[in-house]
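This report concerns only the one structure given below.
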Amino acid sequence: MNIELSLKSAIKQALSALFQIEEEVVLQPTKSDFEGNYTYVVFPLVKQLRKSPVDIANAIAEYLKTNTTYIKSYNVVQGFLNLVLADEVWFDVLNGILADKNFGVLPKNNQSVMVEYSSPNTNKPLHLGHLRNNFLGSSVAKIVEANGYEVVKTCLVNDRGVHICKSMWAYQQFGNGETPESSGLKGDHLAGKYYVIFDKHYKSEMATLIQGGMSEDEAKKNAPAIKAVQEMLIKWEQGDEETVALWRKMNDWVFAGFNETYQKIGVSFDKTYYESNTYLLGKDIVEEGLANGVFFKKENGSVWIDLKEEGLDEKLVLRADGTSVYITQDLGTTDLKFADYPISKAIWVVGNEQDYHFQVLFAIMKKLGRTYADGCYHLSYGMVELPEGKMKSREGTVVDADDLVAEMIETASSSTSERSKIDGFTQEEANQLFQQIALGALKYFLLKVEPKKKMLFNPAESIDFQGNTGPFIQYTHARICSILRKAASQGIVLDEKVKPVAIEKTEAELIFVLSDYPAAVKKAGDEYAPSVIANYCYELAKTFNHYYSQVSIMNEPDGEIQKFRLALIKLVSETIRKATALLGIEVPNRM
RNA sequence: GGAUCCGUAGCUCAGCUGGAUAGAGCAACAGAUUUCUAAUCUGUGGGUCGCAGGUUCGAAUCCUGCCGGGUUCACCA
């Protein structure tokens with residue numbers, strides 16, 4: 001049973017019977033300073049009914065007491081009616097959850113959603129910002145799935161363009177045939193190395209030119225390195241064999257590196273799009289837009305759209321020379337996505353520096369009459385910043401993803417051995433645990449904050465394992481498992497249903513939080529916000545730990561009470577497992 | 001300058017479809033382990049919810065203006 005809904009309709013009935021009014025009923029959880037589980041605020045009725053808040057509240061409460069079995073007691077403070085639910089209600093709720101195999105998973109709605117995330121450039125390795133993107137994307141995919149949708153996880157790899165040619169050219173000039181094997185570097189790091197080398201070389205050429213009297217802008221355009229790179233890009237577009245072979249070789253290295261990282265951090269995709277295949281798309285859409293008057297052509301031949309009515313500006317969609325710009329491609333790939341899959345919605349997990357781009361993209365799609373335009377959503381997220389500000393690759397302040405994961409595993413290892421509760425673990429099991437804890441801490445850290453907010457990462461203080469953290473939640477799960485193991489070793493077998501017994505206040509609280517899980521899943525899905533799930537996990541774990549400190553389970557003499565408690569905490573552990581899974585976090589049975 | 005997002009305790013963040021005395025964690029201090037994992041629990045101190053108006057019985061929450069910060073406004077991606 002859903003107690004909140006039942007209670008709401010009972011109050012609705014009371015209002016109708018007592019005062020002959022039809023009113024939408026909103027309940028809220030009672031604040032912990034007051035006695036009660038749910039609170040109904042009667043202030044809004046006062047004017048209408050011309051009675052005192054206290055009288056109205058008392059009348060409703062009395063009605064509920066005589067006409068339903070939900071209420072154990074109540075109190076009225078000013079205009080707040082605080083309701084304490086009857087013990088049997090808690091058992092009904094608990095048994096309802098126990099019987100629901102799909103608790104917290106909404107029914108299938110026969111709709112599909114595409115979630116695009118990660119979308120790396122193949123010229124440098126992943127950094128902390130990419131981790132936030134990857135964790136957000138894969139978590140949102142899971143959350144949307146739990147909300148009843150089919151999900152297609154996609155990645156659009158930016159594997160072509162000037163920036164890719166930069167690392168290619170530098171490798172060609174200075175690489176001496178170096179390979180991941182010969183250098184011992186992961187392929188993505190190797191490519192990144194040459195990207196940095198290019199930048200240095202380019203800068204020094206510029207400096208020389210500027211010393212020779214050239215302006216900075218001209219030097220930027222005329223440095224031999226950048227000219228060589230532009231030539232290389234043209235060759236690539238013409239399909240020059242040597243260039244394409246180099247491109248293929250280096251990209252393969254990078255993909256191998258990325259795949260290693262993705263596997264380590266537990267991120268995957270159903271479909272990968274490559275810009276090298278899609279960058280020419282979109283030109284036919286430009287033709288379409290010109291034909292139906294949505295776009296217009298300027299004297300020099302460039303094509304534009306006027307979005308002033310949408311509060312935006314004029315926007316270029318095709319250069320005068322007929323080549324594509326960034327948005328041209330995106331018009332094409334968006335059409336492609338909706339043609340490739342029977343999806344009704346598409347989500348782009350992309351940083352907030354592209355807010356404007358997506359506003360424009362969606363506005364254009366709408367003007368072109370694409371019916372799917374309303375199902376497009378840009379999940380915009382804020383930067384991960386360091387104490388000294390933004391990460392800058394040029395200043396070497398970028399926090400590398402692989403390095404960070406390795407450090408976290410190291411920290412997890414040392415802090416586990418300090419506490420040492422894993423006697424009997426094989427080395428392999430221990431390593432697996434360290435990785436679970438490390439990634440749990442990292443993922444939780446990056447997901448607990450609302451996506452659109454920027455966040456601060458301080459490399460000097462390693463990510464916490466105590467308090468509002470992933471390991472705290474993992475620990476809570478391990479603690480419960482420990483009790484359940486003890487119960488199993490004593491041969492205690494749980495029934496499918498729980499028999500009503502005397503119930504502690506902390507137990508009612510725990511059931512209350514448990515019953516709120518589906519609402520958290522729904523809210524997280526509606527808002528595309530893993531932070532909602534993270535906060536829920538913390539709330540549940542905290543409530544359990546409080547309970548744990550107050551009530552003993554294995555020392556409880558009454559067998560029925562003990563069984564009830566075991567069923568309750570088992571449900572808590574399962575809910576923690578399900579909820580953390582939505583964040584991509586694994587929970588160990590021991591730690 | 002236009003657009004947009006953010007501003008809550010020393011720090012990091014919840015709360016934001018309006019409700020009671022604004023909550024957590026970290027840090028500080030004081031406690032709890034003969035008892036199921038102390039990566040835990042309990043308590044203390046710490047706040048003009050950026051500022052000023054407005055709407056309302058009631059505003060951290062909604063509206064307006066201002067202040068501070070980020071992002072963006074390329075025939076780059």
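Chain letters run A, B, ... following the sequence lines, proteins first, then strands; residues in each count from 1.
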Checklist entry - Just to confirm, is there a sub-4.0 Å distance from OP1 or OP2 of B:G23 to any side-chain nitrogen or oxygen of A:Lys31? => result yes
Next on the checklist: Measure CZ/A:Phe465 against P/B:U40 and give the value in whole Å, please.
Outcome noted: 12 Å
Checklist entry - For B:A38, what is the paired nucleotide under Watson-Crick or G-U wobble rules, both distances under 3.5 Å? => result none
Checklist entry - For B:C29, which nucleotide is its Watson-Crick or G-U wobble mate, given both distances must be under 3.5 Å? => result B:G43
Next on the checklist: Tell me whether the ring of A:Phe472 lies stacked over the B:A39 base, given a 5.5 Å limit on centroids and a 30° limit on the plane angle.
Outcome noted: no
Checklist outcome for this item: Out of B:A39, B:U40, B:A77, minimum distance to the side chain of A:Ser415 belongs to B:A39
Nucleotide N/O of nucleotides 6-9 of chain B paired with protein N/O under 3.5 Å:
| unit_1 | atom_1 | unit_2 | atom_2 | d |
| --- | --- | --- | --- | --- |
| B:C6 | OP1 | A:Lys452 | NZ | 2.7 |
| B:G7 | OP1 | A:Lys453 | NZ | 3.2 |

Checklist entry - Of the candidate nucleotides B:C57, B:U72, B:A20, which contains the atom at the shortest distance from the side chain of A:Asn82? => result B:A20
Next on the checklist: Please confirm whether the shortest side-chain N or O distance from A:Arg485 to OP1 or OP2 of B:U37 is below 4.0 Å.
Outcome noted: no
Checklist outcome for this item: Sorted by position of nearest nucleotide on RNA chain B, 5' first, the leading residue of A:Glu461 and A:Tyr475 is A:Glu461
Next on the checklist: Counting distance alone, no hydrogens or angles: does the base of B:A39 have a donor or acceptor under 3.5 Å from a partner atom on the side chain of A:Thr416?
Outcome noted: yes
Checklist entry - Ignoring hydrogens and angles, does a donor from either the side chain of A:Asn545 or the base of B:A38 sit under 3.5 Å from an acceptor on the other? => result no
Checklist entry - Would the number of heavy atoms belonging to other residues, nucleotides or ligands and lying under 6.0 Å from CD of A:Gln490 be above 12? => result yes
Next on the checklist: Are A:Tyr38 and A:Phe512, when compared by the centres of their aromatic rings, separated by less than 6.0 Å?
Outcome noted: yes
Next on the checklist: With the stacking rule set at 5.5 Å and 30°, tell me whether A:Tyr538 counts as stacking on B:A24.
Outcome noted: no
Item to check | Closest nucleotide among B:G70, B:C36, B:A39 to the A:Ile483 side chain | outcome: B:C36
Next on the checklist: Ring centroids only, cut at 6.0 angstrom: are A:Tyr40 and A:Phe80 within range, meaning strictly under it?
Outcome noted: no
Next on the checklist: Please give me every residue in residues 433-445 of chain A whose heavy atoms get under 4.0 Å of an atom in RNA chain B, ordered by residue number.
Outcome noted: A:Ile437
Item to check | OP1 or OP2 of B:C41 under 4.0 Å from side-chain N/O of A:Ser549 | outcome: no
Next on the checklist: For the C1' atoms, the ones on B:A28 and on B:C66, what distance do you get once it is rounded to whole angstrom?
Outcome noted: 37 Å
Next on the checklist: So for A:Thr39 and B:A20, does any side-chain atom that can act as donor or acceptor lie under 3.5 Å from a complementary atom in the base?
Outcome noted: yes
Checklist entry - Is the distance between the ring centroids of A:Trp348 and A:Phe362 under 6.0 Å? => result yes
Item to check | Verify stack between A:Tyr356 ring and B:A3 base, 5.5 Å, 30 degrees | outcome: no
Checklist outcome for this item: Closest of B:U37, B:G19, B:A14 to the A:Tyr548 side chain is B:U37
Checklist entry - If you find the nucleotide of RNA chain B closest to A:Gln78 and the one closest to A:Ser417, which residue's nucleotide is nearer the 5' end? => result A:Gln78
Checklist entry - Relative to each other, are the rings of A:Tyr547 and A:Phe544 parallel, tilted or perpendicular (30° and 60° limits)? => result perpendicular
